[in-house]
Each structure stands twice: as C-alpha cells, then as structure tokens.
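Contents: one structure, followed by commentary.
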Amino acid sequence: MTEDDQAWSVADFADTQWTRATGAGLDPHAYRRVTGGLASVADWGPAFVRTGHAHLARADAVLERRDASGSALSAGEHLLTAARWFHVATLAPYTGAPRAAAEADRALGRALTLMEPGARRVSGEGFTGWLRGPEDAPGTVVVVPGLDSAKEEFLDLVSALLARGLAVFAMDGPGQGVLAATTRMRPEYEQVVGRVVDALGVGRVGLVGLSLGGFFAARTAALEPRVAAAATVSGPFRLDWEQLPPPVRGIMIRRTGGLGAAREFARHVDLTGLAPRIAAPLLVVDGAQDVIPGVTNGAPLARLAPHATYLSVPHGDHLLGNARPDWLPRLADHLAHALTGLRA
C-alpha cells in the first residue's frame with residue numbers, strides 16, 4: 001500500500017465506493033455492516049473476502065440439502081453474491097487481490113453452471129468471459145470493464161440486455177479481473193475485441209464500455225468495422241496524467257506494469273482523432289457529478305461522433321450507481337434497437 005493509499009480513512013473510502021458497490025449489487029445494509037467494522041483501508045480486502053466465503057458456504061449448504069428447502073437456484077444466487085463481494089474486495093490495495101479476483105471468477109462460473117446450463121465460457125488471447133443468452137439471439141453485446149472493474153461488477157447490466165432477448169458476452173481483458181495478475185492493460189483494446197468477435201462466431205456485435213472501458217469501447221467502435229452499435233458509461237474522452245488523482249495513478253501503474261507504462265497508456269487515452277470515425281450509433285452516458293481531475297468526460301465524444309446521442313444525468317456519479325433507472329433501461333433499449341431494428 002502506498003502513502004497515498006494510507007492517507008484514506010476507511011470511512012472516506014467506504015463512502016467513495018458506496019454507490020459503486022451497491023450499483024454492483026451488494027446489499028447496502030451488509031455493506032454498511034462490513035465497512036463499519038473496519039479499522040483501516042488495509043482491512044478492506046480481507047473483510048470482503050470473508051463475506052464472500054460466507055456466501056460460498058451458504059451455497060454449499062443449499063447444494064448439500066437439495067430438497068424442498070433448497071434449490072440450485074438459491075445456491076446460484078448465493079454464488080452470484082459471493083462473486084460480487086470477492087470483486088469489490090479488489091477495489092482497495094490488497095496483496096490478496098489476485099486470489100480474490102480468481103475467487104470471483106470461480107463463483108460466477110459455478111453460479112452460471114447451476115442457473116444457466118446454456119451459458120458458455122469463452123477464452124482466448126487476452127480475454128476470458130461468459131457468453132449468455134439464446135443461441136438464436138438477434139444480436140450479441142460485448143460488455144467491457146474498466147481500469148479496476150471486472151465482469152462480475154456489471155451483472156445487472158447483463159441482465160437488462162438478456163431481458164431484451166440479446167446474447168451477452170461479459171469479459172475480462174488484459175489487466176482486468178481474473179487476468180489482472182497475469183496480463184497488462186494496453187490501449188489497443190480493439191485487437192482484443194476483434195479476437196472476441198472471431199471466437200464468438202458472430203458477424204457483428206454491440207459494445208458497451210464502463211469507466212475506462214468506455215474509452216476502450218469508443219476506440220474499438222472507430223477501428224473495428226464489426227461493431228454495429230456502441231454505448232459508453234462514465235467513459236473518459238481524454239486523460240491528463242499530471243492531473244489524475246494519486247489513487248487513480250496508482251491503480252494505472254499496477255494495471256499497466258509500471259510508471260513509464262502508465263504514463264504512456266494515459267497519453268494514448270484521447271479520442272479526438274478517433275471519434276469522427278465511429279460509424280455505429282453511439283450512446284454516451286455521463287453523470288454530471290462525476291468530476292475527476294485529469295479526466296475529460298464524454299461530451300466531446302458525443303459532439304464528434306457522427307451518430308451519437310448524449311445523456312448526462314444531473315445527479316449521477318461515476319458509473320451512475322446512484323441513478324440506474326435514469327440510464328440503464330435507455331442504454332439497453334439503445335443497443336437492442338440498434339442491433340435488431342426493433343423497439344425493445
């Protein structure tokens with residue numbers, strides 16, 4: 001943990017992560033109970049992992065019963081909850097973060113095996129994830145996480161897309177989620193998405209990126225012709241390394257492999273020249289309360305992309321976990337309509 005990380009009080013850190021954690025699906029009362037018992041930010045990861053293990057134990061107990069008082073569905077729900085807690089454990093500096101990410105990945109896999117027998121694990125060079133939804137879906141959406149997020153964070157977004165009849169591939173890419181321990185983040189995400197589309201065997205995809213994933217999605221939409229629709233949520237248009245807050249710089253250093261790599265990565269996060277090349281219909285979602293020094297939000301992207309719509313939610317914060325009804329249905333409808341030609 002760096003000096004900048006140590007400067008956070010645990011109460012401040014918990015407040016900062018509040019809407020993100022609850023937006024990811026953690027029960028708000030459980031979140032307050034767990035974080036209220038922490039003495040320092042250093043205790044965050046272990047406490048969240050313990051809570052994840054408690055939900056694993058509940059799932060295992062249900063599976064051992066498997067009678068009138070227990071079901072595979074109940075076990076799967078406990079496993080999804082465990083996956084969320086394991087993922088949120090990684091949001092604070094924590095030497096056990098790679099193990100927590102691996103546990104999140106395993107819990108999600110176990111849950112989908114129980115709850116959705118048709119779900120399929122798809123992995124390749126620089127990516128891994130789960131393809132869900134009907135085999136004859138009229139469209140497929142790839143969900144791209146950000147700097148320190150992962151496929152386990154956006155299960156509600158996936159559910160909204162599935163409810164509209166779409167197939168969804170929620171992925172971890174280089175430096176993300178379960179791959180963070182073995183790969184490094186890089187700006188050329190369109191190369192990874194190209195391999196994903198090849199592996200999925202589809203002719204075109206929709207793409208939604210969240211936080212830094214919004215930059216990845218917009219860049220990919222400009223450079224990968226098989227992207228037929230796109231959306232960004234809290235995605236940066238441009239980064240200024242010197243102005244970024246120290247905690248953000250610290251995460252970027254860890255995810256890219258060093259200070260020099262992080263500076264170079266940040267220099268490439270600039271959509272000025274790429275935005276006019278985005279031919280697909282694009283929805284850009286920002287929270288007006290999402291103000292991070294060194295980050296230019298999505299308004300310039302929406303102005304420059306030829307077929308973009310801009311949605312700014314006045315009270316929305318980063319990732320808009322405090323404003324989900326104001327953007328999530330609209331985003332899901334945007335992708336469904338763009339991919340199928342039908343109103344959702």
Side-chain angles (χ1 to χ4, degrees), residues 1-10 12-14 16-17 20-21 24 40-46 48-49 86-102 104-105 126-128 144-153 171-192 209-219 234-271 290-297 318-319:
M1 180 177 291
T2 68
E3 292 181 3
D4 291 318
D5 297 323
Q6 292 172 342
W8 284 89
S9 76
V10 69
D12 287 344
F13 189 80
T16 298
Q17 301 295 338
R20 183 170 175 188
S40 74
V41 176
D43 299 325
W44 178 283
F48 277 68
V49 166
F86 288 135
H87 166 64
V88 178
T90 70
L91 300 186
Y94 173 43
T95 57
R99 293 191 299 276
D105 180 74
F127 72 88
T128 191
V144 176
L147 181 61
D148 62 349
S149 53
K151 61 187 180 301
E152 292 81 17
E153 186 166 340
M171 65 177 285
D172 293 332
Q176 296 172 321
V178 73
L179 300 181
T182 56
T183 61
R184 296 290 178 258
M185 191 169 286
R186 59 187 189 183
E188 303 88 0
Y189 210 94
E190 72 280 358
Q191 298 174 6
V192 181
L210 301 106
S211 192
L212 184 62
F215 162 73
F216 292 143
R219 177 186 169 100
S234 296
F237 177 79
R238 184 170 51 242
L239 296 182
D240 182 334
W241 173 263
E242 299 302 330
Q243 294 184 34
L244 288 174
V248 176
R249 291 202 302 261
I251 297 168
M252 197 170 293
I253 288 168
R254 291 191 289 271
R255 294 300 174 110
T256 61
L259 176 59
R263 284 179 175 273
E264 183 67 10
F265 179 92
R267 186 179 69 81
H268 280 89
V269 180
D270 187 342
L271 293 167
D290 181 14
V291 181
I292 302 175
V295 180
T296 302
N297 289 339
H318 189 64
L319 289 172

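In this chain, numbering begins with 1 at the start of the sequence shown.
Without hydrogens or angle criteria, S149 side chain to P145 main chain gives no donor-acceptor distance under 3.5 Å. For T183 (side chain) and G175 (main-chain N/O), a donor-acceptor pair under 3.5 Å exists by modelled atom type. At least one donor-acceptor pair under 3.5 Å links the side chain of D172 to the backbone N or O of V178.
Atom CD of residue E153 and atom CG of residue L210 lie 8.0 Å apart, to the nearest 0.5 angstrom. Between the OG1 atom of T256 and the CE atom of M185 there is a distance of 8.5 Å, given to the nearest 0.5 Å. Atom NE2 of H318 is separated from atom CD of Q17 by 9.5 Å, given to the nearest 0.5 angstrom.
With sequence neighbours excluded, the residues that form a salt bridge (charged side-chain N to carboxylate O under 4.0 Å, His left out) with D105 are R121, K151.
Looking at R20, H87, R254 one by one, the single match for side chain to side chain donor-acceptor pair (under 3.5 Å) with D148 turns out to be R20.
In this structure, P98 and A181 approach most closely via the heavy-atom pair CB-CB, 3.8 Å. The shortest heavy-atom contact between V41 and P93 is CG1-CD, 4.5 Å. For F215 against D270, the heavy-atom pair with the smallest separation is CE1-N, 3.9 Å. For the residue pair P174 and Y189, the shortest heavy atom distance occurs at CD-CE1, 4.3 Å. For the residue pair L147 and R255, the shortest heavy atom distance occurs at O-NH1, 3.3 Å. When all heavy atoms of P236 and S211 are compared, the pair lying nearest together is CD-O, 3.3 Å.
Contact of the L239 side chain with the V295 side chain is registered, since non-hydrogen atoms from C-beta on lie closer than 4.5 Å. Here the side chains of P245 and I292 are in contact, with some heavy-atom distance below 4.5 Å.
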Step by step, work out the side chain to side chain contact (heavy atoms under 4.5 Å, CB included) result for V49 and Y94.
-> CA-CA 11 Å; V49 166; Y94 173 43; 3.9 Å; yes
Carefully, step by step, assess W241 and R249 under the rule side chain to side chain contact (heavy atoms under 4.5 Å, CB included).
-> CA-CA 8 Å; W241 173 263; R249 291 202 302 261; 3.4 Å; yes
Would you check, one step at a time, whether the test side chain to side chain contact (heavy atoms under 4.5 Å, CB included) holds for F265 with L212?
-> CA-CA 12 Å; F265 179 92; L212 184 62; 3.7 Å; yes
Given the rule in the side chain to side chain contact (heavy atoms under 4.5 Å, CB included) test, do D43 and V10 qualify, once you have shown the distances and angles that lead to the verdict?
-> CA-CA 9 Å; D43 299 325; V10 69; over 6 Å; no
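Residue pairs satisfying the salt bridge (charged side-chain N to carboxylate O under 4.0 Å, His left out) criterion with at least one member in residues 178-191, sequence neighbours excluded, are listed as follows: E190-R219.
Contact check on R263 versus E242 returns a salt bridge, with a Lys/Arg side-chain nitrogen under 4.0 Å from an Asp/Glu carboxylate oxygen.
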